[in-house]
Engineer: 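Below are the structure tokens for one structure; questions will follow.
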Amino acid sequence: MGYETNQQISALMRVYIAKRADLLRFFTLRTSSAEEAEDIVQDICLKLADIDEAGIENPSAYLYRLGTNLMLDRARARRRATARDNAFYQTHRTGPPGGEDEADGPSPEAATAARQQLSEIIQSIDGLPPQCRRVFIMHKLEDHSHAEIAAILGISRSAVEKHMIAALKRLGKRTP
Amino acid sequence: MKDDERKPVDAQRLEAAAGWLARTQAGDATEEDWASFADWLEDPDNKAALARIETSLETIGDNRDYVAAALRRGDRRKPEARRVSGWAPPAILAACIALAVFAGVLFTTMARPSDTGRVLAWSAPRDAVLLVNLPDASTALLNRGAVISATWSKAERRIVLEQGEVAFKVRHDPAQPFILQVGNDALIDVGTEFNVQRQAAGFVLTVREGAVGVELQGRERIDVNAGHAMTVDYEKRVATVSKVDAEEAFSWRDGKLVFHNAPLSSVVADLNRYSEQPLTIADAALADVLFSGVLRVGTAENMAQQLEAFLPLRLERRGADIALRSR
């Protein structure tokens, strides 16, 4: 840690300092929480220490992207923690199976609704035109970047983006 | 989130929301784009449209394996959906040699060595393994459902393991290193035989002969020697190297699956890669039961019966589905 002179602050860190307020505004709007935004922007700063900035072309856009990934990671961790708590509660019941304690976990209705929602989502993806479906699966389930997908499928990056937009739009329409 | 689901969605807002998500994920969004995205988010209706898409994406993310498996089953019904244009270049002489290998048929394909600088790709069907003769006389045996792509240049031979499990036998050539890319990690061969199984959040590398240098996310190289396996877990961000019986990792080639103190949940996940009809575990207590033994690849019914013979569980049939429940 510790830097004596400005020269030792990395270029990326300097961009961060200059853009901090903009990042905070963006993530406050994005998460609807000033507190969460503050944590995300703080996390960006911590991450910067391990980042090799040599390959980064557009540092300020990079900070937004990094923050978005951190935002999604944090949200996922929160959902996991909730799921774990529920699971813990269920496995540490003391009563006989099928007894009154059975009601402690998520209600059967909630579980059915979640399963229903999942199967609707799968149907939505399955119903996409073949190339669009393929692009979506490669990006969201196989972790390929848009650039990689473009290379593998032999299509332009803007075509990849168009397919992604169509697929995402379909997922938003899903619920009546 | 609950409220906005009831309102009819404005198609234009949804389109805009999808556009912002796609554009900002593409990696070429500019700072101005992000600022305009922020402006757009000032409108609560816009934000609600975005939340609708994100809720679905979260559900997909939280159930990745399940969704991926369900969509793969969908592929079977629509074979044309998996035939990626440009993936099976004419340069491949698809000589299908009918060698009867356990449940499936072994296919052999060959790429012309002159085919350089292009992306070649191969995928094994769900019910058979695929032997690929690479342009340099190295071979890749793809387990059922595995997909690899390759780019050959003078400087390097690069293979990407897109999904599934592959056993490689590589001819060493220091002038043209053989690099296997798994996610963001690079496995660099030093003349060897090794098996790599890609998992939902990580991979397992087992080296039978020679050694493989592993560069995790471009970090310092770690050599994994013969008789050792490296397990990489993206979620816990750990990589462990341990001494193993390498033969076991290759046993799938003979239609055998060998497990050593593996939790039933992972055994079932492994078995499900071999059948259209996935087995499920009905009670949570069963998921952590440890299993050691050899199973033969077969139909879901057949593999479930083998488990029933070894473990304190019974099979519960609902239509075509088979669930495992504690006895």
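First the proteins, then the strands, lettered A, B, ... as listed; each starts at 1. Everything numeric here is computed off the predicted structure, so don't read it as measured data.
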Engineer: For the CE atom of A:Met164 and the CD atom of B:Gln25, what is their distance to the nearest 0.5 Å?
Structural biologist: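 Atom-to-atom, A:Met164:CE and B:Gln25:CD are 6.0 Å apart.
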
Engineer: Would you mind checking which part of B:Ala29 comes under 4.5 Å of any heavy atom in chain A, side chain (CB onward), backbone (N, CA, C, O), both or neither?
Structural biologist: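 Answer is backbone: N, CA, C or O of B:Ala29 sit under 4.5 Å from chain A.
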
Engineer: Less than 4.5 Å to any heavy atom of chain A: does that hold for the side chain of B:Asp33, its backbone, both, or neither?
Structural biologist: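 Neither part, no heavy atoms under 4.5 Å.
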
Engineer: Can you check side-chain contact (heavy atoms from CB on, under 4.5 Å) on A:Arg25 and B:Glu42, steps first, answer last?
Structural biologist: CA-CA 10 Å; A:Arg25 169 178 179 248; B:Glu42 297 264 16; 3.0 Å; yes

Engineer: Need one label for A:His163: side chain, backbone, both or neither, based on atoms under 4.5 Å from any heavy atom in chain B.
Structural biologist: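 Contact with chain B: none, neither part.
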
Engineer: Any side-chain heavy atom of B:Asn184 sitting closer than 4.5 Å to one from A:Asp143?
Structural biologist: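 Heavy-atom side-chain distance check fails, nothing below 4.5 Å.
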
Engineer: Taking every non-hydrogen pair under 4.5 Å, which of A:Arg76, A:His139, A:His144 racks up the most with chain B?
Structural biologist: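 The answer is A:His144.
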
Engineer: Between chain A and each of B:Ala26, B:Ala17, B:Gly61, count heavy-atom pairs under 4.5 Å; write down the option with the most.
Structural biologist: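 So the answer, after comparing B:Ala26, B:Ala17, B:Gly61, is B:Ala26.
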
Engineer: Given side-chain contact (heavy atoms from CB on, under 4.5 Å), test B:Arg198 with A:Glu142 step by step and report yes or no.
Structural biologist: CA-CA 11 Å; B:Arg198 197 170 175 172; A:Glu142 295 167 6; over 6 Å; no

Engineer: Can you tell which of A:Ile122, A:Ile137, A:Ile121 makes a side chain to side chain contact (heavy atoms under 4.5 Å, CB included) with B:Val67?
Structural biologist: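 With B:Val67 as partner, A:Ile122, A:Ile137, A:Ile121 yield a single side chain to side chain contact (heavy atoms under 4.5 Å, CB included), made by A:Ile122.
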
Engineer: B:Ile60 and A:Leu141: side-chain contact (heavy atoms from CB on, under 4.5 Å), yes or no, with the steps?
Structural biologist: CA-CA 8 Å; B:Ile60 294 169; A:Leu141 297 171; 3.8 Å; yes

Engineer: Using a 4.5 Å cut-off on heavy atoms from C-beta on, say whether the side chain of A:Ile152 contacts that of B:Glu162.
Structural biologist: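 The answer is yes, as the side chains (C-beta and beyond) meet within the 4.5 Å cut-off.
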
Engineer: First locate atom CD1 of B:Ile53, then atom CZ of A:Arg170, and finally report the distance between them rounded to the nearest 0.5 Å.
Structural biologist: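 Going from the CD1 atom of B:Ile53 to the CZ atom of A:Arg170 covers 12.0 Å.
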
Engineer: Check whether any side-chain heavy atom of B:Leu41 lies under 4.5 Å from a side-chain heavy atom of A:Phe26, and answer yes or no.
Structural biologist: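 The answer is yes; the side chains approach within 4.5 Å.
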
Engineer: List, one per line, each side-chain donor-acceptor pair under 3.5 Å for residues 54-72 of chain A, sequence neighbours excluded.
Structural biologist:
unit_1, atom_1, unit_2, atom_2, d
A:Asn58, OD1, A:Ala61, N, 3.4
A:Ser60, OG, B:Glu31, OE1, 3.1
A:Thr68, OG1, A:Tyr64, O, 2.8

Engineer: Where is the tightest heavy-atom contact between A:Lys140 and B:Arg64, given as atom of each residue plus distance?
Structural biologist: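 Result for this residue pair: O-NH1, 3.5 Å.
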
Engineer: How far does CD of B:Gln181 sit from CD of A:Glu148, to the nearest 0.5 angstrom?
Structural biologist: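 The CD atom of B:Gln181 sits 6.5 Å away from the CD atom of A:Glu148.
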
Engineer: How would you list, by chain and number, every residue that makes a side-chain hydrogen bond (donor to acceptor under 3.5 Å, both in side chains) with A:Arg30, sequence neighbours excluded?
Structural biologist: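 Counting only residues at least two positions away or on another chain, A:Arg30 forms a side-chain hydrogen bond (donor to acceptor under 3.5 Å, both in side chains) with B:Glu54.
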
Engineer: Taking it one step at a time, do A:Lys169 and B:Leu21 satisfy side-chain contact (heavy atoms from CB on, under 4.5 Å)?
Structural biologist: CA-CA 10 Å; A:Lys169 199 177 159 192; B:Leu21 281 176; over 6 Å; no

Engineer: When you measure from the side chain of B:Lys47 to the backbone N and O of A:Leu29, does any donor-acceptor pair fall under 3.5 Å?
Structural biologist: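 Between the backbone of A:Leu29 and the side chain of B:Lys47 there is a qualifying donor-acceptor contact (under 3.5 Å).
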
Engineer: Are there more than 12 heavy atoms of other residues, nucleotides or ligands under 6.0 Å from atom CZ of B:Arg318?
Structural biologist: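 No.
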
Engineer: At a heavy-atom separation under 4.5 Å, does B:Ala35 approach chain A through its side chain, its backbone, both, or neither?
Structural biologist: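 The backbone, not the side chain.
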
Engineer: Assess whether atom NZ of A:Lys162 is packed by more than 12 heavy atoms of other residues, nucleotides or ligands within 6.0 Å.
Structural biologist: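 It does not: A:Lys162 NZ has 12 such atoms or fewer within range.
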
